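The shown structure was predicted, so the numbers you read here are calculated from the model rather than taken from an experiment. When reading the values below, keep in mind they use all heavy atoms of this one structure, side chains included, and skip hydrogens, waters and symmetry mates.
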Amino acid sequence: MSAVLECPICLRWIDWDGTPPVVFGPDDRPEILRKDPREDDVAWRTRLQTAYRPCSGVGSPDSHYLPYDYADYKAVIIGVFGESRSGKSHLVAAMISRLCANDAALRRLGLTVEPLDLRTHQQYMSRTVEPFIRGRRRLDPTQPLPVVFTDALKVTNRDGDAFAVSFFDVAGEQLERSDPEVRFFGSVNALLFVIDPDSIPGLTQPAATAIGDSTFEEALKRLGGRPAPGRQFLHLPAALVVAKADLLRYSFDLVGEWMSRSGPAEETDLSTAEQESEDVYAFLVERRAEPWLRPAEKCYRSTLHFASATNVSATESTYGDGFGQRRVLKPLLALFAMAGVLDDEPMRRVEGGEDAT
């Protein structure tokens, strides 16, 4: 019997083994990949590395194309939520750039990272990550476009377990639609909430009047039908990140203390995740920002973090001296630990609920 897989984008069921491989030609049109009778298995497997499988007919306007080997790995599908000016696109780009560096700190954790979808990864790196990280260019807010993976990576841990890690960074206003473009909610199994300090009254903007992030509430409402059996909480791991924390570090000693701990050793040390979570939670509660904490109270496991994708404010369209990434990897690694990619032994359980701190 052929394996059946659910498309993580539109939730169609795919006859995985019975669906022929597809490649994209020079004109960017999909075409079925066929094995040459004279081709040996090594050459054929090499060509399959850049192949896809459609969730509908080849060339169908509503079809999505998944990496040929997507079903070989456990899927970790990360939904990224936050208002259009929260800095979530910058944060995701910084996270992926840091993760793909495959530096010594990550190797000590036993992680290796490769592109899962080479075509999507190369496009994302050239169009988003490189201009932002190397060119120091400010990214435009995420536009309402057909929902597809922002990027898809193969992450392998020290035990040799491989995971298909994909990111959905969707425009905030798009989340409130009821059309098929947001069906991906049905497949998301890890959550990243990006808190914009500019929206919280009294933090960076004295005139701010927001009473929460509507995208958080929309996400929780859509995911509300998926509680853990016998529990009132969502059985999904969540990381909440106070982005643009560089704007707060000189005004609040607690933020400054955490932001000063930005070296690779501390950023990959998950034993500090619980203390940071407690500090961020208390910091926001003290400033009456409880509405932004709803995901932490609703999700069975969650962590909270301070981070900055830029460390400085933009001057028009670019970032100047002092530009850099601070603590962007820690929230993602905490999410990996809660999702089973990493061993979570160094990180004590942080559970949701109204008594969480």
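- Residue Arg47 qualifies as enclosed at atom CZ: its count of foreign heavy atoms under 6.0 Å is above 12.
- Between the side chain of Ser56 and the backbone N or O of Ser63, no donor-acceptor pair lies under 3.5 Å.
- A donor-acceptor contact closer than 3.5 angstrom is absent between the side chains of Tyr319 and Asn311.
- Ion pairing of Glu39 with Lys35 is absent here, as no side-chain N (NZ or NE/NH1/NH2) approaches a carboxylate O to less than 4.0 Å.
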*Determine, step by step, whether Asp196 and Ser86 satisfy the side-chain hydrogen bond (donor to acceptor under 3.5 Å, both in side chains) criterion, reporting the C-alpha distance in whole Å, the side-chain angles of both residues, the deciding distance to 0.1 Å, and the verdict.*
CA-CA 5 Å; Asp196 182 1; Ser86 63; 5.8 Å; no
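- The one candidate from Asp213, Ile200, Val241 that meets the side chain to side chain contact (heavy atoms under 4.5 Å, CB included) condition with Ile195 is Ile200.
- In this structure, a donor-acceptor pair under 3.5 Å is present between the side chains of Ser199 and Glu83.
- For the pair Glu267 and Arg261, the minimum side-chain heavy-atom distance is 4.5 Å or more.
- Between Trp258 and Asp279, the side chains place a donor N or O and an acceptor N or O closer than 3.5 Å (distance only, hydrogens not considered).
- Residues Lys330 and Thr272 have side chains that bring a donor and an acceptor to within less than 3.5 angstrom of each other.
- Side-chain atoms of Met259 and Ser308, non-hydrogen and from C-beta on, do get closer than 4.5 Å to each other.
- Here the CD atom belonging to Glu114 is positioned 8.0 Å from the CG atom belonging to Asn102, to the nearest 0.5 angstrom.
- Taken to the nearest 0.5 Å, the CZ atom of Arg136 stands 11.0 Å off from the OG1 atom of Thr315.
- Contact of the Leu111 side chain with the Leu333 side chain is registered, since non-hydrogen atoms from C-beta on lie closer than 4.5 Å.
- Checking side-chain atoms of Arg158 against main-chain N and O of Leu109 turns up a donor-acceptor pair under 3.5 Å.
- Salt bridge Asp169/Lys88: present, at least one basic N to carboxylate O contact under 4.0 Å.
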*asked:* Evaluate Leu332 against Phe167 for side-chain contact (heavy atoms from CB on, under 4.5 Å), listing each step before the verdict.
replied: CA-CA 11 Å; Leu332 187 57; Phe167 298 80; 4.0 Å; yes
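- Remark: Ile211 CD1 is loosely packed, at most 12 non-hydrogen atoms of other residues, nucleotides or ligands lying under 6.0 Å away.
- Between Tyr124 and Phe149, a ring centre-to-centre spacing not shorter than 6.0 Å is recorded.
- Using a distance-only test at 3.5 Å, with no hydrogens or angles considered, no donor-acceptor pair links the side chain of Gln325 to the main chain of Thr310.
- Remark: the backbone N or O of Leu304 is paired with a side-chain donor or acceptor of Ser277 at under 3.5 angstrom.
- For CG of Asp28, the number of neighbouring non-hydrogen atoms (other residues, nucleotides, ligands) closer than 6.0 Å is greater than 12.
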Atom pairs and distances, side-chain donor-acceptor, residues 66-74, under 3.5 Å, sequence neighbours left out:
residue, atom, partner, partner atom, Å
Asp69, OD2, Tyr73, OH, 2.8

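- In this structure, OG1 on Thr150 lies 10.5 Å from CD1 on Ile78, to the nearest 0.5 angstrom.
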*Start with the C-alpha gap between Arg12 and Glu6, add the side-chain angles, then the distance that decides, and say whether salt bridge (charged side-chain N to carboxylate O under 4.0 Å, His left out) holds.*
CA-CA 6 Å; Arg12 287 193 190 99; Glu6 187 179 50; over 6 Å; no
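- No donor-acceptor distance shorter than 3.5 angstrom exists from the side chain of Asp15 to the backbone of Thr19, with no hydrogens or angles considered.
- Rounded to the nearest 0.5 Å, atoms CG (Leu254) and CG (Leu248) are 10.5 Å apart.
- Residue Asp253 places its CG atom among 12 or fewer non-hydrogen atoms of other residues, nucleotides or ligands, all under 6.0 Å distant.
- Here OG of Ser89 is found 6.5 Å from CG of Leu139. Values are rounded to the nearest 0.5 Å.
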*Criterion salt bridge (charged side-chain N to carboxylate O under 4.0 Å, His left out) on Asp198 and Lys244, from CA distance to verdict*: CA-CA 9 Å; Asp198 284 339; Lys244 309 177 188 177; 3.2 Å; yes
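- The six-membered or imidazole ring of Phe336 lies away from that of Phe163, with a centre-to-centre distance of 6.0 Å or more.
- The ring of Phe81 has its center closer than 6.0 angstrom to the ring center of Phe193.
- With salt bridges taken as basic N to acidic carboxylate O contacts below 4.0 Å, one links Glu218 and Lys221.
- The shortest side-chain heavy-atom distance between Met95 and Pro331 falls under the 4.5 Å cut-off.
- For Phe185 and Phe168, the distance between ring centers is not under 6.0 angstrom.
- No salt bridge links Arg119 with Asp117; every basic N to acidic carboxylate O contact stays at or beyond 4.0 Å.
- The two residues Ala75 and Asn189 come nearest to each other via the heavy atoms O-ND2, 2.9 Å.
- With rounding to the nearest 0.5 Å, the separation of CG in Leu240 from CD in Glu297 is 10.0 Å.
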*Would you check, one step at a time, whether the test salt bridge (charged side-chain N to carboxylate O under 4.0 Å, His left out) holds for Asp344 with Arg301?*
CA-CA 12 Å; Asp344 67 352; Arg301 300 194 69 186; 3.1 Å; yes
